[in-house]
Amino acid sequence: MKSPDFVRALANLYAVQLHLCSARSPSSYTLARSVHAHMIASGFKPRAHVFNRLVDIYCKSYNLVYAQYLFDECPQPDVIARTTMIAAYSAAGKLKLAGEIFGGTSFHMRDTVFYNAMITAYSHNDDGHAAIQLFCDMRRDGFRANDYSFSSVLSALALVIENVKQCQQLHCAVVKSGAGLTSTVFNALLSVYIKCATSLQLSPSLMVAARKLFEEMPERDDPSWTTMITGYVKNDDLLTAKELLDGMNEKFGGGWNAMMSGYMHHGLYHEALDVFRKMLSSEIQLDEYAYTNVISACANAGFFNFGKQVHAYILKNVVTPTPAFSLPVNNALITLYWRCGKIEQAHEIFNRMTVQDLVSWNAILSGYVNVGRIDEAKNFFEVMPEKNLLTWTVMISGLAHSGCGEEGLKLFNQMKLLGFKPCDYAFAGAITSCSVLGSFEQGRQLHAQLLRFGFESSLSAGNALITMYARCGVVDDAHSLFLKMPCVDSVSWNAMIAALGQHGHGAQAIEFFQQMLKAGILPDRITFLTVLSACSHAGLVNEGRQYFDIMYKCYNISPGEDHYARLIDLLCRAGKFSEAKEVMKLMPFEPGVQIWEALLAGCRIHGNIDLGIEAADRLLQLIPQHDGTHVLLSNMYAVVGRWEDVAKVRKLMRDRGIKKEPGCSWIEVDSKVHVFLVDDAVHPEVQLVYDYLQNMVHEMRKIGYVPDTKFVLHDMEFDQKESALSTHSEKLAVAFGLMKLPRQATVRVFKNLRICGDCHNAFKYMSKLVDREIVVRDGKRFHHFRDGKCSCGDYW
DNA sequence: CTAGGGTTAG
């Protein structure tokens, strides 16, 4: 046990120490933690001012939980502690808790400062009316409003003002009110003018009035300059903002930060960096806003090296940053690191932060989503302490882009049930989910909902819709949407070229590409990927090669592995293996997974067994557990009738525990979607369809559509060969559709697995037999079978 | 202890 004297001495020491450091100083947080720990260990109950000091430090370092804990420990918290807590709750957006403290404080304890804190709490949380009401109550109850009260209520008024007249009336009222006309009050008034200018779309006249007020102010401090410069920035007048900043002689940092942020939001990253460099070389104090702005600009613009240098500079020159300092800076750093491909470092920064807020969580979540590590992203999503609209949106679009369409849609509905109003990005994610699933009906409903929400001119949602319509089989709808969109960007053009290409309309895709160039849109690396795919799917070998060449020559885009893979794919599908090998020799890097996959797929089609085995060997070294490689290898052996080797690969797959996905098809009949599974023996129509197919196989053999020796079996054993064709689910589905649909109607099949050679043959035959179009989705591509031929020109 | 301004996540 400590003696009472010792504890008293300690208490005095604490009080002095805490009194000496500012609440925002770097060491205050560490000191508070050790004092707090000591208090708990020794059972020491300090006097109110020490409590208040600790509460204040915790609040200022965003450590609301500790502050709350201390506050609850206070036997009788005085008005100062209460004021501090109200401010902290307000900053954390917990208006209700702030209100509880306010309401639970008796009248005789209250003072003006206490009222001011609550007025500010309301106005910071966008409840202007409540703030104004409380300001009136305060004066009615006999408390004198001071300049802080006026500043607070002015910012509340900015929230509710509806027209210019009110704005000017307010100006007069303030002058007459007898408020101490301090610079704070002027700044608040200036801010009212500028907020109105921005929201009422009457910017010119109000900005002139604001500037007049600014010039007439008795003295202009840092916030005055910041407010005025921000005003111009918010009204998209960067030129005037810059002029004003250049005319400023004081060493205030706020205006510079505002300027940097303005440049960044207009995509002028070089200018933003210039501002930062000027700040560095002048005597302006760099603060967290400056660092946050510049790091964010670097992350957005891809200036990763500069960003990392700033990080190093901070670590070297800013001693022991407090959590309050480091929170926004670290949040920006998380984004910087994952954007430059260093997700592990981003994670480490996240882990090392003493406090994380929602922004930190969203930043790291986006990181994992954007590098495609969806399982880790899901884990973060699960354990997040709170979620906002952005959280949900990021997760939904992440799931959709990782192929988890069902989960994406589920989350979208969950989000709506929780009362979040989806933004256009959220819609885009949900729509992309439909593309993945091929759910045309749901996609159309989402489109209708989107219009009801007033997002008809949204670029991101529009682009997602183009892809959705295309991947649900209706290119025409995609096209008419593209034409209806009020403005389009390169993503829209890419989506449209992809839509045409995926449906085998190679020539039209190229035509669209030419139109894009004519419209003055610069093609990017995605454009070329898309164009090359289109050529490959339609068998346009020469065109594809030509576009591959101009990519670097005319547009200075160096082809990546993905571009080379498309080119190899194009050549191999056409059977030009020696040329493909030539390309691989001249390639500036070693072939990776994508290249070998393209090669193997081509070999499978043409039965080029030697090259195919080499490709498969390489692939199995690179990705030993990949099911697709095994399937392709086994199919290739099947193409040349090496059934023993097929069986060996099958055994290998079993030994390695590789399970192939069950084949599953969706077929659209009378707008209802029927599902067939490979082993769907319970489906009442299966036997009927089976007989239909047996008969069809027989007929196909007679005219040579199904060569006996080139039967490709991808999920059967060798001895099941005879029944293979009739058990393939997609063919069952088509047969079913043909029997049910009225003549001439188009049959659409949506399937996410690759179709095989015998499917392709069967579809061709069926289309001729029944004289109608059959549309089959094969991964991201489509085959249109008509009159015994396929749109892919048999370059499948 | 309270005010006015500039920041971070897609």
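Chain identifiers are assigned alphabetically (A, B, ...) following the order of the sequence lines, protein sequences preceding nucleic acid strands; residue numbering begins at 1 within each chain.
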- Query: What nucleic acid atoms does M264(A) come within less than 4.0 Å of, heavy atoms only: base, sugar-phosphate, or nothing?
  - Reply: sugar-phosphate
- Looking for any heavy atom pair under 4.0 Å, which part of the strands does D222(A) touch: base, sugar-phosphate only, or nothing? base
- Item | E407(A) bridged to K378(A) by N-O distance under 4.0 Å | yes
- Message: Classify R339(A) by what it touches in the nucleic acid, base, sugar-phosphate, or nothing, heavy-atom distance under 4.0 Å.
- Response: sugar-phosphate
- Query: If you look at every strand shown and take non-hydrogen atoms under 4.0 Å, does N52(A) touch a base, only sugar-phosphate, or nothing?
  - Reply: nothing
- Task: Quick one: label H265(A) by what it contacts on the DNA or RNA (base, sugar-phosphate, nothing), any heavy atom closer than 4.0 Å.
- Result: sugar-phosphate
- Message: Base, sugar-phosphate or nothing for S460(A)? Non-hydrogen atoms, less than 4.0 Å.
- Response: nothing
- Does D137(A) have any salt bridge (charged side-chain N to carboxylate O under 4.0 Å, His left out) partners at least two apart in sequence or in another chain, and if so, which? R140(A)
- Message: Heavy atoms only, 4.0 Å cut-off, all strands: where does D221(A) land among base, sugar-phosphate and nothing?
- Response: base
- Are side-chain heavy atoms of H401(A) and V369(A) found at a separation under 4.5 Å? no
- Message: Within the 4.0 Å heavy-atom criterion, would you say S151(A) contacts the bases, only the backbone, or no part of the nucleic acid?
- Response: sugar-phosphate
- Item | Contact list for DNA chain B against residues 117-125 of chain A - heavy-atom distance below 4.0 Å | T120(A), H124(A)
- Item | Sugar-phosphate, base or nothing in reach of V394(A), heavy atoms under 4.0 Å | sugar-phosphate
- Message: Any base atoms under 4.0 Å from W392(A), or only sugar-phosphate, or nothing? Heavy atoms, all strands.
- Response: nothing
- Message: Are S149(A) and T112(A) packed together at the side-chain level, in the sense that at least one heavy-atom pair is separated by less than 4.5 angstrom?
- Response: yes
- Assign T335(A) to base, sugar-phosphate, or nothing according to its heavy-atom contacts below 4.0 angstrom with the strands shown. sugar-phosphate
- May I ask you to decide whether D246(A) forms a salt bridge with K242(A), counting only side-chain N to carboxylate O separations under 4.0 Å? yes
- Query: Residues two or more places apart in sequence or in another chain: which of them pass salt bridge (charged side-chain N to carboxylate O under 4.0 Å, His left out) with E344(A)?
  - Reply: R373(A)
- Query: Listed by chain and number, what are the side-chain hydrogen bond (donor to acceptor under 3.5 Å, both in side chains) partners of K251(A), not counting sequence neighbours?
  - Reply: none
- Item | Heavy-atom check, side chain of F412(A) versus side chain of F427(A), under 4.5 Å | yes
- Message: Considering every strand and a 4.0 Å limit on heavy-atom distances, what is the contact class for S152(A): base, sugar-phosphate, or nothing?
- Response: sugar-phosphate
- Note on the structure: Applying side-chain hydrogen bond (donor to acceptor under 3.5 Å, both in side chains) to E243(A) and not counting sequence neighbours gives none
- Query: When all nucleic acid strands are considered with a 4.0 Å heavy-atom cut-off, which category describes K195(A): base, sugar-phosphate, or nothing?
  - Reply: sugar-phosphate
- Query: Which is the 5'-most and which the 3'-most nucleotide of DNA chain B that has an atom under 4.0 Å from a heavy atom of chain A?
  - Reply: dC1(B) to dG10(B)
